[in-house]
Every structure is written in structure tokens, then in C-alpha cells.
Amino acid sequence: MALARAPGRGSGRGGHHSSAARPATAPGGPGLPDRDAHDRTPYGPVAAPGDGAGRRTMKSDELFALLRRRGVLWPTAEIYGGAQGLYDYGPLGASLKRQVEEAWVAWFVGLSHDYYRLDPAEILPEAVVRASGHLENFTDPEVSCETCHAAFRAETVLEKIRPEGVDGLVSAQIAEILLANHARCPNCGSTALSVPRPFNLMFGLDFGVTGKERAYLRPETAQSSYLAFPRMWDVGRHALPLGVAVVGKAYRNEIAPRQVLFRMRAFTQAELQIFFDPAGFPVPFARVREEPLPVLRVPRRESGEESPEWVTAADLVASGGLPEFYVYHLVHCYRFFRDVLGYPADRLRLFEKSDRERAFYNRLQFDIEGRLESLGGFKELGAVHYRGEYDLSRHGEGSGKDLSVTLTDGRSVRPHVLELTFGVDRNVWALADLLLGVEGERTLWRLPAYLAPVSVGVFPLIPKAHAAYALRLADELAAANIAVRYDDGGTIGKRYARMDEAGTPFCVTVDAETLAEGEKKDTVTLRERDSRAQTRVAVGELVSRIRTATCLPRPPRY
RNA sequence: GCGGGCAUAGUGUAGUCUGGUUAUCACAUAGGCUUGCCAAGCCUAUAACUCGGGUUCAAAUCCCGGUGCCCGCACCA
């Protein structure tokens with residue numbers, strides 16, 4: 001079933017978005033690419049983004065207040081005034097985050113029979129981060145200007161007087177060079193620069209009983225996957241491409257954590273590392289070649305353009321010079337955001353990073369960005385990195401183990417890595433920014449049904465009369481493994497409103513007809529969140545109807 | 001890290017300039033009335049001056065410091 005194709009969106013498990021409530025953008029529409037318009041003219045402009053149907057967007061403060069109030073998330077150690085860059089997820093948030101993770105796994109691990117999920121340790125011995133380059137790069141010394149108090153990496157200041165950089169120098173040597181050359185502050189020109197102090201974005205740990213061994217909280221989950229490669233090569237029965245997926249926490253001691261879930265000190269990443277034969281990475285490209293993508297490439301960016309242009313996957317390969325395997329995965333990432341998470345297509349762009357911007361080991365990098373009103377612009381939500389052989393080669397040297405493998409045709413190769421990376425917390429925020437809003441009188445969270453923390457609310461129309469039946473029904477649904485919430489507080493309208501705000505896709509109401517003998521005995525009203533439409537449904541059908549709608553989408557495998 | 005601004009119930013706020021009753025209002029939450037299918041109404045209840053120090057007979061209000069948040073700069077291998 002070609003769920004990933006746009007038409008799948010409006011029906012079945014593709015989600016429960018009301019197309020009418022979305023802006024009718026010229027190209028694409030709400031996740032529904034206009035094929036005719038784009039097969040032949042892939043370079044048309046993307047329509048100006050906007051919010052149809054009177055949806056009012058929220059700024060960061062207001063959105064965060066709403067999320068706090070509803071128990072989605074709040075600052076860690078709030079009663080002590082909070083801890084910068086740390087947040088706790090409450091009941092709704094924990095559940096939503098988990099659903100996002102599951103959706104990610106279903107989609108990306110589902111890409112191939114040879115992709116696997118791992119759950120590695122969060123602490124890495126020093127030798128690992130030394131080999132990966134994190135120790136070296138994260139200990140870049142930092143100097144500050146005594147006059148204007150600006151802070152810089154020593155390398156930035158030294159660039160002009162010492163082109164080879166600061167590699168291998170200790171703080172004292174850097175200080176000498178700075179002084180001897182009368183180095184100036186890049187900001188104000190003052191020569192009053194402080195002694196360089198090491199600054200490391202990793203959390204270091206005293207490891208072991210003696211406390212003399214060093215270890216670090218992993219700064220990214222990817223390293224664990226590289227370390228697991230030899231073991232996974234056996235587990236995966238010696239086949240390339242081999243995919244290793246990790247969903248887990250990473251830790252960075254950010255200088256200035258800000259913007260709530262966008263710059264955290266402890267955050268959750270979902271990353272798929274695909275090891276492949278550099279001589280060829282076969283993909284069923286025909287399945288994606290017609291897909292129009294909103295891309296913003298480096299030359300267009302350099303001309304000052306901020307908006308993406310629509311280009312088909314085929315054109316990105318034919319005239320864009322990108323390899324098929326790369327574009328194929330870029331398409332699947334884009335589809336994940338659009339079709340699985342349900343982000344409006346006109347809020348997404350694929351942003352190419354230039355040589356200067358991307359890490360040196362990345363040969364290709366596109367960030368998938370979402371335009372978030374709450375944060376005032378496009379923000380990185382995921383990325384596709386072609387990392388080449390950097391990682392296996394570094395860990396091969398660091399560990400002294402040969403990480404190359406012998407293929408069935410007898411060739412010995414060191415696999416290359418394609419990394420699909422995804423910020424889970426950021427996307428929880430993006431789901432709130434893009435899909436939660438005030439629409440007229442309602443506050444409505446248009447989450448896809450399979451992401452909603454609660455799948456169905458069960459209400460007695462009149463608590464005194466119908467509570468017993470409704471409670472029993474709620475228990476039955478829960479027993480069928482459906483996330484259900486019983487509510488008999490306030491008026492029926494208030495209960496619907498609470499569920500709308502939490503993104504609950506369905507509400508079931510037990511009324512007098514449910515109990516009375518007759519044709520409608522054991523039927524209830526099933527109310528759909530976005531349209532508010534009610535249908536009379538036999539209670540026996542509820543489980544299968546809700547299950548169908550809350551089934552996670554999966555891509556076709558290759 | 002630097003500079004500026006801000007800080008009052010769960011949320012949003014009035015009061016601060018000009019110190020002086022029981023700290024305003026709305027929403028939210030809980031209970032009651034309402035036989036009610038989309039946040040109605042009425043009654044009741046819970047609930048706050050960011051923290052520490054100072055000035056004063058008296059501090060939410062004035063002063064000093066801490067912390068946090070927001071914006072800008074810097075940082076984000």
C-alpha cells in the first residue's frame with residue numbers, strides 16, 4: 001500500500017486532517033502535491049505560507065504556557081526555579097513523545113528488512129569520544145574579551161595570525177601566541193583578551209571506583225551505532241546496506257540553552273545510521289522519482305533567497321548532481337514529516353548546508369526545516385548526512401580493530417555511512433506549533449490519530465444515569481489496548497473541548513438510547529475531533545474502528 | 001558568557017510611579033443545582049506578591065544582591 005503517496009493522506013490511516021482547514025496553497029496543497037503542475041515545471045515558487053481557516057498561531061511563551069497547563073511539559077526542578085536546558089514531560093507529553101518515537105521507528109526501521117533497532121549505553125569511555133573527534137573539537141579553548149566581554153573560540157581569533165589553527169596547543173601556548181602577536185578582539189578590536197580556557201560541550205564523568213578513568217555522556221547517539229557495527233554485521237548476517245537505529249538521550253552542556261525544546265542539555269535523538277557499499281547503494285528510486293520536494297540549495301541561498309523551490313526527486317539527481325540513494329532517503333524523510341507527522345507541506349523546506357556550514361566529514365547535508373511561528377522562522381527538525389567513511393575509519397584507528405568487511409563477491413570494503421537524524425523533542429514542539437492552535441472558539445490540536453496521547457474519550461451524557469455503562473465501556477476499550485480517557489466532569493461541551501485541546505481524535509458518548517431497549521441499544525455516538533461530526537456506532541465496532549485509525553504508517557520496504 | 005527588559009494563584013492580569021484595610025478581575029480546577037450532545041447559567045471552595053538582605057512604625061510597592069525568563073550580541077565540533 002503506497003501510503004507515502006500523497007493521496008493516502010486523506011483517508012484510512014493516513015490521518016484525520018481536515019483538508020478544508022488547511023490553506024489551499026498553489027503548489028502542493030495540504031500534503032497533496034499537484035503532479036500536473038510540477039512534473040513539467042519543477043522550479044515554480046512555493047506559495048507564501050499562511051494560516052487558513054482563521055487559525056491563530058501562538059508565540060513561544062503562550063504555547064509553552066498552554067503545554068505546561070495541560071501537563072505536556074515543564075521545566076525540570078520547577079520548584080527550585082528550574083534548571084536551564086532541562087525539561088520534564090508530563091503525562092500527555094510523555095505519551096506523545098513516545099508515539100512520535102514509535103512512529104519514527106515504524107517508518108525508518110520499516111524501510112528495509114536489514115534495518116535494526118538498538119538500545120546502547122548512554123555513557124561512552126573516553127577513548128570513544130577521542131576517536132570520534134568530540135574530545136578534541138569540544139575542548140577548543142575559548143577566549144573572552146575583557147573590554148566588550150564577547151566570547152570566541154581561540155581558533156577564530158588565531159585564524160589570521162596562525163592559519164593552521166590551534167590543534168595540539170595547550171592553553172598556555174595559545175595565550176603566548178595571542179600576546180606575542182597582539183591579537184585583537186574580532187568584535188571591538190581590543191587587545192585585552194583573557195587567558196584561553198578549555199570549553200567542552202560534553203558532560204564528563206568520573207568513571208569507576210578510583211574516579212581516575214574518564215567517561216562522557218554521549219553527545220550524540222550516532223557513535224553507539226558505529227561502535228556496534230562489527231557485532232551488527234554478524235547479527236545482520238553480513239549484508240549491506242545495514243541499518244542501525246537508535247532512539248535515545250544525548251547530552252550537551254550548551255552555553256546558552258534557549259527556546260524551550262530547541263536547545264536542551266539533555267535531549268532525545270532518533271537516528272538511523274545506514275552502512276552501505278561505497279561502490280553502490282541500490283534503492284528503488286522509481287518509487288520516488290516524481291515526488292516534488294521544496295528544496296533550497298546553496299546557489300539559490302547565496303542569491304539571497306529564503307524560500308524553497310519545488311524540484312522533483314528525479315531532477316535533483318539528473319540536473320542537481322545528487323546520488324539516487326541520497327535523494328531517495330531525503331524523500332522518505334520529507335514524507336515522514338509531511339505524511340506521518342502531518343506537517344503542512346508549505347511549512348517545510350529541505351535546506352542544503354554549504355561546505356562552510358556542514359561538519360567537515362559530511363559530504364552532503366540537507367536539513368529538513370519547519371517554519372515555526374512560535375520561534376519566528378525556519379528551524380532544523382531533522383537532517384540527512386552523507387558521512388562517508390569518516391566514522392568507521394576513525395573508530396578503526398582508535399580501537400585498532402579493522403572495521404572493513406568482506407562482501408560475498410570477495411571485495412573488502414569499509415562501508416560508508418548515511419545518517420538520517422531526527423530531533424524528537426524539537427518535533428514534539430513542532431507538532432504543537434504547527435498543529436495546535438486556536439480556531440475561533442476552539443483550541444484544537446490536529447494531531448494525526450496514531451500520535452495522539454489519548455485515542456478516545458468516553459463520556460456519559462448524564463453522569464448519574466449513564467456513568468456505569470460508560471465506565472464499563474472505557475474498561476473494555478482499555479483492555480483492548482486502546483488509550484482511553486473517561487470524563488464525566490462539567491458539561492458535555494467542556495469534555496469535548498478538553499479532548500480537542502489534547503488532540504484526542506475520537507469521543508464516544510453514552511446516552512439514554514444506548515441503555516434503552518430497541519434498535520439503538522448498545523450504540524453510542526462517535527464524534528470525530530476535526531469535523532465534530534457524530535455518527536451512531538455499535539459499541540462492538542469501536543475497537544476495530546479506533547484500531548484502524550491509530551495504526552502507524554509504514555513505507556513500502558525495499 | 002555580555003547588554004537591556006521583565007518577574008503577583010494553574011493561566012492571563014489589576015495594584016508598584018506616589019509604601020498604609022482582608023491584594024483586583026477573568027479563565028481554569030473541585031463540589032453542588034441544572035434530564036443536559038459541543039467551553040451556557042447560578043451557588044460554594046481551593047489558590048499568588050521569584051528568593052535573600054536592607055530602609056521604615058509599616059514593603060507586592062523604595063534600595064542592594066541572587067535566581068529565572070524574554071529580546072539582542074556571542075556560541076551551537
Side-chain angles (χ1 to χ4, degrees), chain A residues 59-71 74-85 90 129 132-140 142-153 155-157 165-167 185-188 194 197 199-202 219-220 222-223 252-260 262-265 267 357-362 375-376 380 390 438 440-444 457 459-466 488-501 507-514 524-529 531-534 536:
Chain A
K59 297 214 325 235
S60 177
D61 279 0
E62 188 184 357
L63 190 56
F64 189 37
L66 177 59
L67 296 178
R68 266 202 316 255
R69 179 164 60 81
R70 290 308 314 238
W74 52 76
T76 295
E78 203 175 4
I79 60 169
Y80 285 94
Q84 267 193 64
V129 292
S132 69
H134 285 91
L135 198 58
E136 184 188 323
N137 290 317
F138 275 24
T139 44
D140 263 0
E142 188 185 76
V143 297
S144 59
C145 172
E146 309 284 352
T147 307
C148 71
H149 303 293
F152 306 92
R153 287 167 57 207
E155 181 151 5
T156 312
V157 182
V166 296
D167 286 359
C185 167
N187 186 39
C188 70
S194 73
R197 52 180 187 277
F199 182 75
N200 197 309
L201 280 185
M202 284 193 295
E220 61 177 16
Q223 295 308 321
R252 295 180 192 179
N253 195 10
E254 294 284 356
I255 300 171
R258 282 207 190 158
Q259 301 192 312
V260 198
F262 267 73
R263 211 74 166 294
M264 296 167 79
R265 288 189 163 135
F267 57 102
E357 292 165 325
R358 62 179 184 256
F360 65 92
Y361 48 73
N362 277 336
L375 300 179
E380 178 192 347
Y390 175 77
V438 179
E441 296 291 300
R442 313 170 68 195
T443 300
L444 183 60
F459 314 143
L461 182 60
I462 302 160
K464 279 179 190 163
H466 312 129
D488 61 9
T491 63
I492 190 79
K494 265 192 179 174
R495 294 177 230 156
Y496 286 141
R498 277 195 281 261
M499 289 296 158
D500 285 346
E501 207 173 79
C507 292
V508 163
T509 300
V510 173
D511 58 21
E513 292 179 325
T514 312
V524 290
T525 55
L526 179 67
R527 181 255 198 190
E528 201 269 334
R529 180 192 64 203
S531 65
R532 297 201 268 191
Q534 293 189 355
R536 197 88 202 169

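Keep in mind that this is a model prediction, so the values were computed, not measured. Below, chain A is the first sequence line, B the second, and so on; all start at residue 1.
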Pairwise 5' ranking along RNA chain B for A:Asp511 and A:Arg358, keeping only the more 5' one: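 That would be A:Asp511.
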Quick check on RNA chain B: between A:Pro463 and A:Ala359, whose nearest nucleotide comes earlier from the 5' end?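 Upstream on the strand: A:Pro463.
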Does [X] pair with [Y] as a salt bridge, N-O distance under 4.0 Å?
X: A:Arg536; Y: A:Glu513; result: yes
X: A:Arg527; Y: A:Asp500; result: yes
X: A:Asp488; Y: A:Lys464; result: no

Answer with base, sugar-phosphate or nothing: what part of the nucleic acid does [X] contact at a heavy-atom distance below 4.0 Å?
X: A:Glu380; answer: nothing
X: A:Ile492; answer: sugar-phosphate
X: A:Tyr361; answer: base
X: A:Asp500; answer: nothing

Minimum heavy-atom distance between [X] and [Y], given as atom pair plus value:
X: A:His466; Y: A:Ala512; result: NE2-N, 3.3 Å
X: A:Trp74; Y: A:Gly90; result: CH2-CA, 3.4 Å
X: A:Tyr390; Y: A:Ser132; result: OH-O, 3.2 Å
X: A:Arg495; Y: A:Leu461; result: NH2-O, 3.9 Å
X: A:Phe262; Y: A:Glu380; result: CE2-O, 3.8 Å

Taking the same atom, [atom1], in [N] and in [M], what whole-Å distance lies between them?
N: B:rG15; M: B:rU24; atom1: C1'; value: 7 Å
N: B:rU55; M: B:rC62; atom1: C1'; value: 8 Å
N: B:rG20; M: B:rU61; atom1: C1'; value: 11 Å
N: B:rA9; M: B:rG52; atom1: P; value: 16 Å
N: B:rG3; M: B:rC64; atom1: P; value: 16 Å
N: B:rA74; M: B:rA14; atom1: P; value: 34 Å
N: B:rG10; M: B:rU34; atom1: P; value: 32 Å
N: B:rC42; M: B:rG5; atom1: C1'; value: 44 Å

Enumerate the protein-to-nucleotides 40-48 of chain B contacts in which both atoms are nitrogen or oxygen and the separation is below 3.5 Å.
{"residue": "B:rA40", "atom": "OP2", "partner": "A:Thr491", "partner atom": "OG1", "Å": "3.3"}

Can you tell me the distance, in whole Å, between the [atom1] atom of [X] and the [atom2] atom of [N]?
X: A:His134; N: B:rC76; atom1: NE2; atom2: C1'; result: 13 Å
X: A:Arg70; N: B:rC27; atom1: CZ; atom2: C1'; result: 14 Å
X: A:Arg263; N: B:rG1; atom1: CZ; atom2: P; result: 15 Å
X: A:Glu513; N: B:rC37; atom1: CD; atom2: P; result: 12 Å
X: A:Leu66; N: B:rA39; atom1: CG; atom2: C1'; result: 14 Å
X: A:His466; N: B:rC37; atom1: NE2; atom2: C1'; result: 12 Å
X: A:Trp74; N: B:rG10; atom1: CH2; atom2: C1'; result: 12 Å
X: A:Gln534; N: B:rC38; atom1: CD; atom2: C1'; result: 8 Å

Counting heavy atoms from C-beta on, name the nucleotide in B:rU11, B:rC37, B:rU34 closest to the side chain of A:Lys464.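 Minimum distance to the A:Lys464 side chain belongs to B:rU34.
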Consider the side chain of A:Arg527, meaning its heavy atoms from C-beta on, and name the nucleotide among B:rC37, B:rC38, B:rA39 that approaches it most closely.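 Nearest to the side chain of A:Arg527 among the choices is B:rC38.
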For A:Phe64, does the six-membered ring have the charged nitrogen or CZ of A:Arg68 within the cation-pi criterion, i.e. under 6.0 angstrom from the centroid and within 45° of the normal?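 Satisfied, under 6.0 Å and within 45°.
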Any side-chain to backbone donor/acceptor pair from A:Arg252 onto A:Pro219? Under 3.5 Å, distance only.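 Yes, the answer is positive, given that a donor and an acceptor are paired below the 3.5 Å cut-off.
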Using side chain to side chain contact (heavy atoms under 4.5 Å, CB included), reason through A:Glu220 and A:Gln223 one step at a time and then give a plain yes or no. CA-CA 7 Å; A:Glu220 61 177 16; A:Gln223 295 308 321; 2.7 Å; yes
Where RNA chain B forms stems, i.e. three or more consecutive Watson-Crick or G-U pairs with both distances under 3.5 Å: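 Correct response: B:1-7 with B:67-73, B:10-12 with B:25-27, B:29-33 with B:41-45, B:50-54 with B:62-66.
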May I ask you to evaluate whether A:Arg498 reaches the phosphate of B:rU29, defined as a side-chain N or O under 4.0 Å from OP1 or OP2?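 Looking at the OP1 and OP2 atoms of B:rU29, one of them is under 4.0 Å from a side-chain N or O of A:Arg498.
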